[in-house]
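Atom set for the values below is all heavy atoms of this structure, side chains included, hydrogens, waters and symmetry mates excluded. Both ligands and their constituent atoms are indexed starting at 1 by order of listing. Just so we're clear, the structure is a prediction, and the values are computed from it rather than from any experiment.
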Amino acid sequence: MINWGTLGFHYTEPDYIVRAACHNGVWEEPYATADKYLHLHVSATCLQYGQEAFEGLKAFRGIDGKIRIFRWRENAKRMARSAEGLYMTPVPEDLFGRAIHLALEKNMDFVPPYGTGATLYFRPLLIGTTPRLGVGPGKDFEFVVIPSPIGPYYPGKFHCTTFIVNRHVDRAAPFGTGQFKVGGNYASSFRATEAAHAMGFDCVFLDARFHRYIDECSAANFIGIKGNEYLTPKSSAILPSITNDSLMTLAREQGLKVTRRRIALEELDEFSEAAACGTAAVISPMDKILDPEMGKTYTFTSEPGPVLTKLYRALKDIQFGRTEDKHNWCEIIN
Ligand code: PLP
Ligand code: COI
């Protein structure tokens, strides 16, 4: 029996996962299996050379009892870009969709009830399975969709979290893999994020070239409010967030000016609100960003500020079916 209300962002074993294999550029049809283990060659390119990409998206039980899958086609497109970035055969968009739908259909009991704050998270994963010792890409791949009910990434009610500027680790290079959702980006940031967590904070990464501009957080984009403007970094090293894209649309509708450009750290003195945003993070407002090496603290609001709170509500209202989905972001499953 799952206690939906106390779920955090942790794995809960579903009944089924969904798998599909690809050999020499040809994808097989996805199937559901209760077996959560892969039989993988020890020299598979995903293990030896990190040839892997992943995604994250959610299904919501709405106020009307219907299930809504949020913008899965955008995740499919992004995974195809990540696949190309790591020289893998992309998962066709329709196959991606069939796998998500099958994962949902086979795990209906894991869709959290409306009102609990929990959702069904899907973790699509693409790995290279060709055995290889010589350095180079493989030509065999496995696509897996792992569903898991989850609670909030930052547990507790909608609240502020403190972030710290990392000045020790470059997460992603300007022409590197930061724009792709690949495991290596996360593994390379563990040293920084674990050090931040040990102090009770989360990390903000700076651009790797000048160490001056905000790139993003370890698992979320950065957004901020300055006057009547919604600002978010423009950088070739950050993941194009689907949540951020949605929030930019909502921000425009709410009369904000939306700007994507380089944001120097010092400019944060002029920001009234700041947050991390992403599928897992939704909007996670920041009360402060500490930059201890420079002896500087950027202070925002101790409670979530009015502009980001309004955007947070607008997004959640669409996802939970409490308002009209004008942009057709949700696919409704009856
Ligand atoms: N940036 C990084 C590094 C992430 O891991 C994520 C999470 O997916 C995001 C941004 C937010 O992207 P999205 O809103 O598409 O989940
Ligand atoms: C997401 O927001 O979906 C993510 O994948 C972020 C993180 C948990 C890796």
Side-chain angles (χ1 to χ4, degrees), residues 7-12 52-60 69-82 85 96 100 118-126 144-155 161 163 166 169-173 176-190 192-194 196-197 202-208 214-224 230 232-251 260 275-284 286 308 311-312 315-316 318-319 329:
L7 277 181
F9 192 86
H10 304 294
Y11 177 66
T12 298
E52 82 96 49
F54 71 99
E55 271 302 325
L57 66 146
K58 284 176 175 171
F60 301 79
I69 312 179
F70 191 70
R71 301 193 76 179
W72 67 262
R73 284 186 188 276
E74 296 307 313
N75 294 88
K77 290 189 177 84
R78 191 169 64 191
M79 184 172 240
R81 291 197 300 270
S82 301
F96 185 102
I100 296 290
T119 57
L120 184 66
Y121 184 77
F122 297 101
R123 170 56 59 83
L125 178 70
L126 175 63
V144 188
V145 176
I146 310 158
S148 176
I150 51 145
Y153 194 64
Y154 294 98
T161 308
F163 282 64
N166 154 69
V169 174
D170 288 331
R171 180 182 182 273
T177 55
Q179 62 190 295
F180 306 126
K181 199 161 169 68
V182 301
N185 295 340
Y186 298 82
S188 66
S189 60
F190 285 166
T193 51
E194 287 306 293
H197 292 164
D202 223 315
C203 253
V204 173
F205 288 91
L206 300 180
D207 79 284
I214 298 173
D215 254 356
E216 62 176 335
C217 308
S218 54
N221 274 183
F222 175 86
I223 57 175
Y230 174 112
T232 193
K234 182 174 178 153
S235 160
S236 59
I238 66 178
L239 191 75
S241 156
I242 296 157
T243 311
N244 198 353
D245 179 75
S246 313
L247 291 172
M248 285 191 264
T249 299
L250 296 176
R260 198 205 295 251
C277 78
T279 298
V282 192
I283 291 182
S284 297
M286 304 172 173
L308 291 179
L311 283 169
Y312 174 84
L315 180 65
K316 302 261 282 192
I318 293 171
Q319 293 173 328
W329 284 338

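Here's the thing with Lys181: one of its N/O atoms is less than 3.5 angstrom from an N/O atom of ligand 1. At a 3.5 angstrom cut-off on N or O pairs, Phe54 does not count as close to ligand 2. Considering both main-chain and side-chain atoms, Arg78 comes within under 3.5 Å of ligand 1 through a nitrogen or oxygen pair. Considering both main-chain and side-chain atoms, Cys217 never comes within under 3.5 Å of ligand 1 through any nitrogen or oxygen pair. Some N or O of Tyr186 is nearer than 3.5 Å to an N or O of ligand 1, by distance alone. Not one N or O of Asn244 is nearer than 3.5 Å to an N or O of ligand 1, by distance alone.
Each of the following atoms of ligand 2 lies closer than 4.0 Å to a heavy atom of Tyr121: 1 (C), 3 (O), 4 (C), 5 (O). Close approach of ligand 2 to Thr279 is summarised as follows: ligand atoms under 4.0 Å from at least one heavy atom of the residue are 1 (C), 2 (O), 3 (O). Of all atoms in ligand 2, numbered sequentially from 1 with element shown, those under 4.0 Å from a heavy atom of Phe9 are 8 (C). Taking a cut-off of under 4.0 Å to the non-hydrogen atoms of Glu216, the atoms of ligand 1 that pass are 1 (N), 2 (C), 3 (C), 10 (C). Residue contact check: Arg171 has heavy atoms under 4.0 Å from atoms 3 (C) of ligand 1.
Checking Ala219, Ala276, Gly278 against atom 7 (C) of ligand 2, the nearest heavy atom belongs to Ala219. Residue Ala220 holds the heavy atom nearest to atom 2 (C) of ligand 1 of all those in Ala281, Cys277, Ala220. Across the listed options Ser189, Ala219, Gly178, Ala219 owns the non-hydrogen atom lying nearest to atom 4 (C) of ligand 1.
Under a 4.0 angstrom heavy-atom cut-off, Lys181 registers as being in contact with ligand 2. In this structure, Arg123 is part of the shell of residues with a heavy atom less than 4.0 angstrom from ligand 2. Taking 4.0 Å as the cut-off, Glu55 does not count as a neighbour of ligand 1 on heavy-atom distance.
Under the side chain to side chain contact (heavy atoms under 4.5 Å, CB included) test applied with Arg171, the options Cys217, Cys203, Ser189 reduce to a single match, Ser189.
With hydrogens and angles disregarded, no donor-acceptor distance shorter than 3.5 Å links the side chain of Thr232 to the backbone of Arg260.
Not less than 6.0 angstrom separates the ring centroid of Phe222 from the ring centroid of Phe163.
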